[in-house]
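This report concerns only the one structure given below.
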Amino acid sequence: MSLFDASERRPLSVSELTSQVRGALENRFASVWVEGEILNFRTAASGHWYFTVRDEGAQLRATCFRGVNCRIRFRPSDGLLVRVRGRLTVYEPRGEYELMVEALDPVGAGALRVAFEQLKERLAAEGLFDEALKRELPLLPRRIGVVTSPTGAAIRDIIRTIERRTRTVSILVAPTRVQGDGAGLEIARAIKILNEHNQRALAEGRSEDCVDAIIVGRGGGSSEDLWAFNEEEVARAIRASQVPVISAVGHETDFTIADFAADVRAATPTAAAEIVAEREDEIASYVERLTHTLVNAARYRVISERARAQEAAMSPGFDEVRARLRVAREELTEARRALERRASEQTARTRRRLEAAARRLSPARMTASAAHSRVRAALAGAALETAARARLEDARSQLSVAAASLDAMSPLAVLGRGYALAQDEGGAVLRSSSDVKGGERVRVRLSRGALRCRVEEVEGEEVSR
């Protein structure tokens, strides 16, 4: 029966008419695109969006239910030009027709860019990106948590870089999807799991299992591919992490909300791994340079002191010392011989005196007193001889000690170990090959004797390394 059939005499109720209009509209406009400016946008307590789409000549009420608007990647606002897809229907209690929104895109700017800027401004206003919240990475991390796809190129780049540049860092992977619907929730959950693992390790005293830093990221892709790292739940999970977080999403020109929320932003996953490893690499290089410098300094010092010893060995002052030592030895030898002669002569004189006294005394007149005198004379002679010999041995010992000490201190001992000392024709000590020229004569002093030589070839200076 037609809605406007004149033969129909029974009037329709308002509800019946409105229902028939609703059915006609929904059948005729089951899916329609409308472009216009948003007006009077509001969000109800139920989570539904209500707004008006208008142009210069008309306006249309629109409703976007919560189950639909959760998939829209930006938040509408008054004055924003949008393109809306939906179906027309009638809100029967008021008899007003409206558009039930199924999709919503901004006009003139990409939806993702609008959503990105809106979320960035809102989180920044909350203080989520404040520099005061940023934490320093540990000086020498031992274990790194990685939140990324277990099959992507990012995890391979991170593992390869850390293995190449460090020997102490281990990796703990929290696998997750990094794109598609629901990927943001999985990334946030993986960050939380790594933090829970770190808390258990701390509580149980397993410091070797603690996570020192977390890398969150993936390789390059389109804006849609990287969108999971722009989700609000990811930013809040990064900020809530007790472990410092490095964001490494896409390429150097890609920026995500995760980059602003993280403690450190790396241009790529490989760059994040280099940040983790750079301090150990720097310390190892510094120690290597310091060791090389110390070794060279020690070698130079040895060479310098050796040259000084050789120069001192050729000094006239040491020749004079050796001459005086030789004279002292000769005088000591002569004194020892004189002392021995005097002791021998004294002993002989004493013995002769005793023998002469014995001959003058007859056996009958020899008294106990004479016998006692003879004994005393014999003992005195023996004591004198013993004292002379002891004094001689003491002098000989002192001379030996003095001679040994002087020899030990003498730089000439250096020549005795196989070294030689070169001098030019004027007697100056040669310290460098540049001090002589080919064809010149030099004198080479050895431990025993010296050599007169002519220079055939001059080689450049070299310091052993």
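Excluded from the calculations below are hydrogen atoms, water molecules and symmetry mates; all remaining heavy atoms, backbone and side chain alike, are included.
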Of the non-hydrogen atoms in [X] and [Y], which two are nearest, and what is the gap between them?
{"X": "V211", "Y": "V243", "result": "O-CG1, 3.5 Å"}
{"X": "P76", "Y": "L80", "result": "CA-CD2, 4.4 Å"}
{"X": "D157", "Y": "T270", "result": "CB-OG1, 3.3 Å"}
{"X": "A235", "Y": "I257", "result": "CB-CG2, 3.6 Å"}

Restricting to pairs with a member in residues 207-217, which pass side-chain hydrogen bond (donor to acceptor under 3.5 Å, both in side chains), not counting sequence neighbours?
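The answer is R206-D209.
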Quick one: do the [X] and [Y] side chains pair a donor with an acceptor below 3.5 Å?
{"X": "T256", "Y": "N230", "result": "no"}
{"X": "D225", "Y": "S222", "result": "yes"}
{"X": "E274", "Y": "T161", "result": "no"}
{"X": "T168", "Y": "T166", "result": "no"}
{"X": "S149", "Y": "T151", "result": "yes"}

Could you please spell out the steps behind the side-chain hydrogen bond (donor to acceptor under 3.5 Å, both in side chains) verdict for T63 and E98?
CA-CA 7 Å; T63 299; E98 61 182 347; 3.1 Å; yes
Are [X] and [Y] within salt-bridge range, i.e. N to O under 4.0 Å?
{"X": "E96", "Y": "R61", "result": "yes"}
{"X": "D263", "Y": "R135", "result": "yes"}
{"X": "R236", "Y": "E126", "result": "yes"}
{"X": "D78", "Y": "R42", "result": "no"}

Measure the shortest side-chain to side-chain distance between [X] and [Y] over non-hydrogen atoms and say whether it is less than 4.5 angstrom.
{"X": "L60", "Y": "L88", "result": "yes"}
{"X": "Q242", "Y": "Q199", "result": "yes"}
{"X": "R75", "Y": "T43", "result": "yes"}
{"X": "I215", "Y": "T148", "result": "no"}
{"X": "I159", "Y": "I171", "result": "yes"}
{"X": "V249", "Y": "R218", "result": "yes"}

Evaluation steps, salt bridge (charged side-chain N to carboxylate O under 4.0 Å, His left out), between E204 and R200
CA-CA 6 Å; E204 297 171 4; R200 285 195 302 271; 5.6 Å; no
Heavy-atom neighbours of D130 CG exceed 12 at 6.0 Å:
yes
Would you please name every residue forming a ring pair (Phe, Tyr, Trp, His ring centres under 6.0 Å) with F260, sequence neighbours left out?
F129
